2 protein chains.
Amino acid sequence: MKNHSELLRESGLKATIQRLSILEILQGTGHSTIDDIYVTVREKHASISLATVYKNIEMLLEKGVLAEVPLAGRKSKYEIKKHDHIHLICQVCGSVEDETMDAIPQEQLTRIAQKDDFILSQSQINLYGICRNCRQ
Amino acid sequence: MKNHSELLRESGLKATIQRLSILEILQGTGHSTIDDIYVTVREKHASISLATVYKNIEMLLEKGVLAEVPLAGRKSKYEIKKHDHIHLICQVCGSVEDETMDAIPQEQLTRIAQKDDFILSQSQINLYGICRNCRQ
DNA sequence: TTAAATGCAAAAAATTTGCAGACGT
DNA sequence: ACGTCTGCAAATTTTTTGCATTTAA
């Protein structure tokens, strides 16, 4: 597992405390909204500005360090980009869990896209329902 | 194909001109953002308010008449709810096309969700890439 | 040293709310 | 006629921008 400073520098970005904090938080939670991140970073670095969080998320998305997870009926969450996977999204609490794509091979998706002459670059599979905790 | 007035009444909603227009537009385009809808309804019913579009989209989502299609890096689009299908999302122009889920059986997704004790209620498969038109 | 990044405050954009009047049933 | 829905204007929330100052390399 690559450390965050390296990851940032490889992407042509300075390894600031703010950016490292954002990555640590995302590493910890897996998926967070902008506000989640802002509130949490604040606990350590009280002076961080919300504008800085916005600017950094945007920059990290552009550089491909993060991926956006857009959610129906909620604000988007963000995650550190990794190989394709499936999201299990709880409609009650909004939690997001990951599952492997093992059961759904990439070629299968590529083939579907080809039917429409569509060049596939990225897949998002989101399964909405109720998580273990919320069904009590 | 059920007509829109019926559809609305069955959902316990009055069939207003505004709502019928919204449904017609979505029927025509397949997928539209709030602003797309607002601008287009306006051409016929110049007096419609943006607030009315917001309120109606929310109401129609609640009643299950519409579904939200949340998109990475863009505003959500909305569609008339139909059986599960795959979205091909163009990263250049933002267009959304539908494809059938034939190749990916429901049970397969249900099984993936079960691994996490997750009760599946709805699936969204979004394939991002470049559409036929945009790769010219 | 110096280009890039931060934090602030202000601006802009997006969404929500409350309510008087209009409309569908 | 009645309760729902609309349109407006105002309020709120979210996101973006510009710029002076700070900071990583």
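Worth saying up front: this structure is predicted, and the values here are computed from it rather than measured. Residue numbers start from 1 in every chain, and the chains themselves are labelled A, B, ... in the order their sequence lines are given, proteins ahead of strands.
- A pairwise comparison of heavy atoms in P70(A) and A72(B) identifies CG-N, 3.4 Å as the closest pair.
- Nucleic acid contact class of T16(B) (heavy atoms, under 4.0 Å, all strands): sugar-phosphate only.
- Under the side chain to side chain donor-acceptor pair (under 3.5 Å) test applied with H31(A), the options E79(A), E97(A), K77(A) reduce to a single match, E79(A).
- In this structure, the CD atom of E10(B) is 16 Å from the C1' atom of dT25(C), given to the nearest Å.
- Applying the side-chain hydrogen bond (donor to acceptor under 3.5 Å, both in side chains) test to every pair with at least one member in residues 48-64 of chain A, sequence neighbours left out, gives these pairs: R19(A)-N56(A).
- Interatomic distance, CD1 of I130(A) versus CD1 of I119(B), reported as 5.5 Å (0.5 Å rounding).
- Whole-Å rounding puts the R42(B) CZ to dT6(D) P distance at 15 Å.
- Taken to the nearest 0.5 Å, the CG atom of L8(B) stands 11.5 Å off from the CE atom of M59(B).
- The separation between L50(A) atom CG and dT17(D) atom C1' is 14 Å, rounded to whole Å.
- Separating the CG atom of D35(A) from the C1' atom of dT13(D) is a distance of 10 Å, rounded to the nearest angstrom.
- Taking atom OH of Y38(A) as the reference point, atom C1' of dT6(C) lies 13 Å away to the nearest angstrom.
- Linking Ile, Leu, Val, Met, Phe, Trp and Tyr residues whenever their side-chain heavy atoms come within less than 4.5 Å leaves I89(B) and I80(B) in two separate clusters.
- Dashed line: the shortest gap from a side-chain N or O of K14(B) to OP1 or OP2 of dT6(D) is not under 4.0 Å.
- Rounded to whole Å, atom P of dT23(D) lies 13 Å from atom NE2 of H45(A).
- T52(A) has a side-chain polar atom (N or O) that falls below the 4.0 Å cut-off from OP1 or OP2 of dG7(C).
- Listed here is the closest heavy atom pair of Q122(B) and Q91(A): OE1-NE2, 3.9 Å.
- Using a 4.0 Å heavy-atom criterion, one finds that I48(B) contacts the sugar-phosphate atoms exclusively.
- OP1 or OP2 of dG7(D) sits under 4.0 Å from a side-chain N or O of Q18(B).
- Heavy atoms of other residues, nucleotides or ligands lying less than 6.0 angstrom from NZ of K115(A) number more than 12.
- Regarding I17(B), its CD1 atom lies at a distance of 8 Å from the P atom of dC23(C), rounded to whole Å.
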Check the pair H87(A), H85(A) against ring-ring contact (aromatic ring centres under 6.0 Å, His included), reporting the backbone distance first and the verdict last. CA-CA 7 Å; H87(A) 291 125; H85(A) 55 276; 4.6 Å; yes
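- Straight-line distance from the CD atom of E6(B) to the C1' atom of dG24(C): 16 Å, rounded to whole Å.
- Where the helix from dT1(C)-dA25(D) to dT25(C)-dA1(D) starts and where it ends, the local axes point in directions that differ by 50°; five pairs per end, rounded to 10°.
- An OP1 or OP2 oxygen of dT6(D) is reached within less than 4.0 angstrom by no side-chain nitrogen or oxygen of S49(B).
- Listed in residue order, the members of residues 53-62 of chain A having a heavy atom less than 4.0 Å from DNA chain C are K55(A), N56(A).
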